[in-house]
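Below is one structure, written out as C-alpha cells, with a few remarks after it.
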Amino acid sequence: AHWFSPWFLIGKNCFYHVWESACSSSERVQRVDIKVDSNICQNQEKDKKSEGHLVYHHANDHICYSKLNTEFVFDSFIQGDSNQLAYYACRHIASNVLDQHPYGKGLLIYSNVGLGKTHLLHAIGNEVKLRFPDIKVGCFTAERFMYSYVSAIKRNNLIGFRDTISELDILLLDDLQFLCGKLGTEKEFMHIFDEFMGLGKALIITSDQHPQQMELSNRNRSRINACMTIRIVKPESSLKIKILQHKIQSFKGIIDQNDSLIKDMLWTISQQEQESIRGLESTLQKILTYCDLMNVELNAAVIEKIIR
C-alpha cells in the first residue's frame with residue numbers, strides 16, 4: 001500500500017487535486033481515504049469572517065490580491081476642483097454598491113502619476129468593508145493580476161482562477177495600462193470585464209492614460225469606453241496648499257513655529273512645476289526632516305536650500 005503525505009484540502013477544487021496526484025503516482029492507487037478535520041474547518045471559517053471578505057481567497061487558486069491600504073479612506077482625501085468629480089463618483093459607488101446606478105457600475109479614473117487615483121480606489125474598498133462586511137471585494141495591481149493569471153495557467157487551474165474572481169462583488173484594478181499589449185492577460189481581463197458589466201457588478205479601474213491612448217484593440221477600447229471615464233487634472237495651487245497643510249500635521253514640532261513662515265513655505269512649495277502630489281509631499285518632508293536631523297530652526301534660507 002502507498003500513502004500520500006497528509007494534505008490540507010480547501011475549496012471546491014480539492015478532489016481534482018486528489019485525483020491528479022493519484023494519477024501521477026508511480027504505483028497503482030486502489031483506495032483514497034479522506035479525513036475531514038472539523039477544527040480546521042471551523043478555524044478557517046472564523047478567519048474568513050474576521051477579514052470581512054476584504055480579500056476572498058481560495059487556498060488552491062493562488063490569487064495574489066493587493067492588500068487595501070487602511071490609511072486611504074475618503075475622509076483623508078483632500079478635495080479640490082481638479083479631483084472633486086472623481087471623489088464624488090467613487091463615494092457614490094461605495095455608499096450605494098447594492099443599488100443600480102444611472103451610469104452603470106463601471107468607472108475608469110485616469111490621470112498623471114501621484115494625483116490620488118490609488119487613494120480613491122482603496123477608499124472604495126475600505127468604505128465597502130465598513131458599510132457592507134458581507135460584500136466580497138478584490139483589489140489588484142496590474143502586476144498582481146498578471147501574476148495570478150500566469151500562475152493559474154502554470155498550475156492548470158484557469159477555471160479555479162475565473163471562478164474565484166467571479167465570486168467577487170467588487171473588483172478594483174490599479175494601473176490598467178500595464179495589462180495592455182499583453183495579449184493573454186488583456187484578453188482574460190476583458191472576459192472578466194464583460195462578466196462584471198453584464199451582471200451589474202462594480203468594477204473600478206485606474207490608469208495613467210485615457211482609453212484612446214492605451215495599446216488596446218479597437219474592440220477592447222470600445223468596451224472600456226462603456227465605463228464612466230473621469231480625469232483627475234493637475235491640482236490648482238489652493239489644493240496643493242490644502243494637501244500640504246494636512247501633511248504637515250504629522251510634524252508636530254514644526255507647527256509651533258512662526259505661522260507666517262509655515263504659510264510662506266507651503267506657498268513656495270506649491271509654486272513648483274511639480275504637479276505630482278507625492279512630489280510636493282516629498283519636498284515638504286525633506287525640508288522638515290533636514291531641520292529635525294540638523295537641529296536647526298525652520299527659516300527662509302533652509303527652505304530655499306532644499307527647494308533649489
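In this text, all values refer to a predicted model and were calculated from it rather than measured experimentally. In what follows, every heavy atom counts, from backbone to side chain, and hydrogens, waters and symmetry copies are set aside.
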### Task
Quick one: sort the F193 and F189 rings into parallel, tilted or perpendicular, breaks at 30° and 60°.
tilted
### Message
Classify the ring geometry of F145 against F140: parallel below 30°, tilted from 30° to 60°, perpendicular beyond 60°.
### Response
perpendicular
With the side chain counted from C-beta on, respond yes when [X] and [Y] share a heavy-atom pair under 4.5 Å apart, and no when they do not.
X	Y	value
I224	S207	no
R155	F161	no
L280	L244	yes
L239	I78	yes
F74	N126	no
S276	N112	no
L108	P211	yes

Within this structure, what is the [atom1]-[atom2] distance for the pair [X] and [Y], rounded to the nearest 0.5 Å?
X	Y	atom1	atom2	answer
D175	T118	CG	OG1	6.0 Å
H122	S66	NE2	OG	6.0 Å
T206	L176	OG1	CG	8.0 Å
Q79	R91	CD	CZ	8.0 Å
I124	S95	CD1	OG	10.0 Å
T283	Q272	OG1	CD	4.0 Å

Which heavy atom in [X] sits nearest to a heavy atom in [Y], and how many Å separate them?
X	Y	result
Q177	Q209	CB-OE1, 3.7 Å
Q271	S237	NE2-OG, 3.1 Å
D134	D169	O-OD2, 4.3 Å
I248	L284	N-CD2, 4.1 Å
R278	V113	NH2-CB, 4.1 Å
F196	I170	CE2-C, 4.2 Å

Is a donor on one side and an acceptor on the other found under 3.5 Å between the side chain of [X] and the backbone of [Y]?
X	Y	result
N83	G80	yes
D292	L288	no
H119	V73	yes
N299	A301	yes
E186	G181	yes
S151	S148	no
K286	I306	no
N220	L216	no
K129	K136	no
T289	Q285	yes

Could you tell me whether [X] and [Y] make a salt bridge, using a distance below 4.0 angstrom between a side-chain N and a carboxylate O?
X	Y	answer
K240	E236	no
R162	E195	no
R223	D194	yes

Are side-chain N/O atoms of [X] and [Y] paired as donor and acceptor at under 3.5 Å?
X	Y	value
D208	Q213	no
D174	T141	no
E71	S76	no

### Task
Run the numbers on I241 and S270 for side chain to side chain contact (heavy atoms under 4.5 Å, CB included), then give the verdict.
CA-CA 6 Å; I241 292 175; S270 72; 3.7 Å; yes
### Task
State which residue, out of R231, K117, H210, fulfils the side-chain hydrogen bond (donor to acceptor under 3.5 Å, both in side chains) condition with S111.
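Going through R231, K117, H210 one by one, the side-chain hydrogen bond (donor to acceptor under 3.5 Å, both in side chains) with S111 is satisfied by K117 alone.
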#### Entry: side chain to side chain donor-acceptor pair (under 3.5 Å) partners for T185, two or more places apart
none
### Message
Are more than 12 heavy atoms, taken from residues, nucleotides or ligands other than E143, located less than 6.0 Å from that residue's CD atom?
### Response
no
Are [Y] and [X] co-members of a hydrophobic cluster defined by side-chain heavy atoms under 4.5 Å apart?
X	Y	answer
L171	Y110	no
L130	F72	no
L183	M146	no
V233	M228	no
F178	L121	no

### Query
Yes or no on side chain to side chain contact (heavy atoms under 4.5 Å, CB included) for V137 and L168, after CA distance, side-chain angles and deciding distance?
CA-CA 6 Å; V137 180; L168 297 173; over 6 Å; no
### Message
Go through it in stages, so that I can follow the logic: the residues are L298 and I262, the test is side chain to side chain contact (heavy atoms under 4.5 Å, CB included), and I'd like the CA-CA distance, side-chain angles, deciding distance and then a yes or no.
### Response
CA-CA 9 Å; L298 179 64; I262 295 291; 3.7 Å; yes
### Query
Are L203 and L107 close enough, and set up right, to give a side chain to side chain contact (heavy atoms under 4.5 Å, CB included), and what steps lead you there?
CA-CA 6 Å; L203 176 61; L107 176 63; over 6 Å; no
